[in-house]
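We use all heavy atoms of the structure for the numbers below, so side chains are in, but hydrogens, waters and symmetry mates are not. Letters A, B, ... mirror the listed sequences (proteins, then strands); counts begin at 1.
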Protein chains: 2
Amino acid sequence: MPKPDESPDSGTEKKGITDSVLFSLIGYRLKRVYMQIQPLAQRVLAENDLRVVSFSCLSIITDNPGIVQSELADALQMERSNLVVIIDELEERGLITRKKIPTDRRRYALTATLRGRHLRDRAAAKVRTAEDEVLGWLDEDDRDRLLTILGRLERRTAR
Amino acid sequence: MPKPDESPDSGTEKKGITDSVLFSLIGYRLKRVYMQIQPLAQRVLAENDLRVVSFSCLSIITDNPGIVQSELADALQMERSNLVVIIDELEERGLITRKKIPTDRRRYALTATLRGRHLRDRAAAKVRTAEDEVLGWLDEDDRDRLLTILGRLERRTAR
DNA sequence: TATTGTTATACTCTATAACTATA
DNA sequence: TATAGTTATAGAGTATAACAATA
C-alpha cells in the first residue's frame with residue numbers, strides 16, 4: 001500500500017540534512033509549527049503595543065468580566081506573580097479596570113473597558129489573519145480536523 | 001448539520017472560565033498542547049542528563065554524521081552561538097566527536113560515538129513513551145492525521 | 001492556617017555584537 | 001570580503017521564595 005506521495009523520508013531537508021527520529025516525535029513537530037506562527041502573531045500584536053501574553057490576558061478578561069488574577073493565572077497556566085506587571089500595564093492603558101470585591105477584600109475583579117474590548121476584537125482579527133499565512137496551506141477539512149484533534153489532546157490538563 | 005457532539009463551547013472550563021476567542025487561534029492551541037508534552041519529555045530526558053535541546057542536537061548528529069555546527073543550527077532553527085556550549089558538553093561526555101575537516105579548516109565534522117548513538121536511541125524511545133501519555137487519547141487514524149497536517153504546515157519554512 | 005496580590009530574585013532561553021581563524 | 005566557530009552579554013520568559021493583607 002503505497003502512501004499517496006507525501007514527505008519522502010522526513011522533515012527539514014534543506015541540504016540533505018535529515019531529522020527522521022525527531023520528526024516522529026509530536027513535541028518536536030508541534031513546536032516547529034508553533035514557532036512558525038508565534039512571530040507572526042507577535043508582529044501584528046506589537047502594532048497595538050500588545051505582547052502575546054498581554055493579549056491573552058486581555059482576551060480572557062474580556063470574555064470573563066470579574067475574573068480575579070489567580071483565576072486568570074490558572075486559565076493561562078502561568079504564575080500569578082508574573083501576571084502583576086501585565087495587569088498593571090493593561091490597567092494603566094485603560095484597557096481593563098480593577099475593582100475591589102466587597103465580600104473578599106483580598107481579590108480584585110478584573111473587567112475589560114469598552115476600549116479594551118474593542119482592542120481585543122481588532123487584535124484577535126489581526127492574529128487570525130496572520131495565522132492564515134501559515135494555515136492557508138490547509139483546506140477547510142484539514143483545519144477542522146486539526147482543531148478537533150488538538151481539542152482531544154487538550155482535554156486532560158489536570159490529569 | 002449538527003456536529004457530532006464535541007467541545008460544548010470552548011476550552012479551559014475549569015470553573016466557568018471561558019477562552020472562546022483564544023480557543024479559535026491555532027497558535028494558542030498548539031502552544032497549550034506543546035506545553036503539555038514538553039515537561040514530560042524534559043523529565044525523561046533529564047534521567048539521562050539531557051535537555052530537550054541537547055537531545056535534539058545528539059539526534060540530528062546521529063542521523064547526519066559529519067554535519068557541521070552551522071548546518072545543525074540551521075536544522076534546529078537556533079543561533080549557532082547558542083550551540084557552542086551544548087556541543088562542548090556532548091563532546092566532553094563522549095557522546096559525539098569533533099574532527100577537523102582538512103578541506104576547510106574553519107569547520108568541524110560532528111559525529112556521534114557508539115555511546116552517543118545508543119543514548120539517542122534509548123532517549124528517543126523514552127520520549128516516545130512519555131508522549132504517549134498525552135497521545136494515548138488519540139486513535140491511530142487521528143495520530144496519522146495530526147502528523148500529516150503538521151507536515152503540511154511545516155512545508156513552508158523558508159517562505 | 002490558607003489564600004490573594006505583590007515584590008524581589010534567580011534561572012533558563014534566545015538574540016546580538018564582536019572577535020579569530022580561515023576561506 | 002565572507003563564513004565558521006567562539007565569546008560575552010543583554011533581554012525575554014518563567015519559576016521560586018517571602019511578605020502583608022485578608023479570609
Within the distance-only criterion (no hydrogens, no angle test), does the side chain of [X] pair as donor or acceptor with the backbone N or O of [Y] below 3.5 angstrom?
| X | Y | answer |
| --- | --- | --- |
| B/Asn48 | B/Leu50 | no |
| B/Thr62 | B/Ala112 | no |
| B/Arg128 | A/Ser24 | no |

Whole angstrom is fine here: how far is it from [atom1] in [X] over to [atom2] in [N]?
| X | N | atom1 | atom2 | answer |
| --- | --- | --- | --- | --- |
| A/Phe55 | D/dG13 | CZ | P | 16 Å |
| A/Ile87 | C/dT4 | CD1 | P | 15 Å |
| B/Glu71 | D/dT3 | CD | P | 14 Å |
| A/Asp104 | D/dA21 | CG | C1' | 11 Å |
| A/Lys100 | C/dT6 | NZ | C1' | 14 Å |
| A/Leu83 | C/dT3 | CG | P | 18 Å |

By nearest-nucleotide position on DNA chain C, the 5'-leaning member of A/Val84 and A/Lys31 is A/Val84
When the nearest nucleotide of DNA chain C is assigned to B/Glu79 and to A/Asp88 on a heavy-atom basis, which residue is associated with the more 5' position?
A/Asp88
Determine whether any donor atom in the side chain of A/Arg106 lies under 3.5 Å from an acceptor atom in the base of C/dT3, or the reverse, and answer yes or no.
yes
Does the base of D/dA15 carry an N or O that pairs as donor and acceptor with the side chain of A/Asn82 under 3.5 Å?
yes
Of all the choices, D/dG13, D/dT22, C/dT16, which nucleotide is nearest to the side chain of A/Arg51 once you look at every atom?
D/dG13
[N] OP1/OP2 closer than 4.0 Å to side-chain N/O of [X]:
| X | N | answer |
| --- | --- | --- |
| B/Arg80 | C/dA17 | no |
| A/Ser70 | C/dG5 | yes |
| A/Arg105 | D/dT22 | yes |

Starting at the 5' end of DNA chain D, which residue's closest nucleotide do you reach first, A/Val53 or B/Gln69?
B/Gln69
Closest-nucleotide 5' rank along DNA chain D - winner of A/Ile101 and B/Ser81
B/Ser81
Joint cluster assignment, B/Val21 & A/Leu114, ILVMFWY side-chain distance < 4.5 Å
no
Taking only Lys NZ, Arg NE, NH1 and NH2, and the carboxylate oxygens of Asp or Glu, determine whether A/Arg29 and B/Glu131 approach each other closer than 4.0 Å.
no
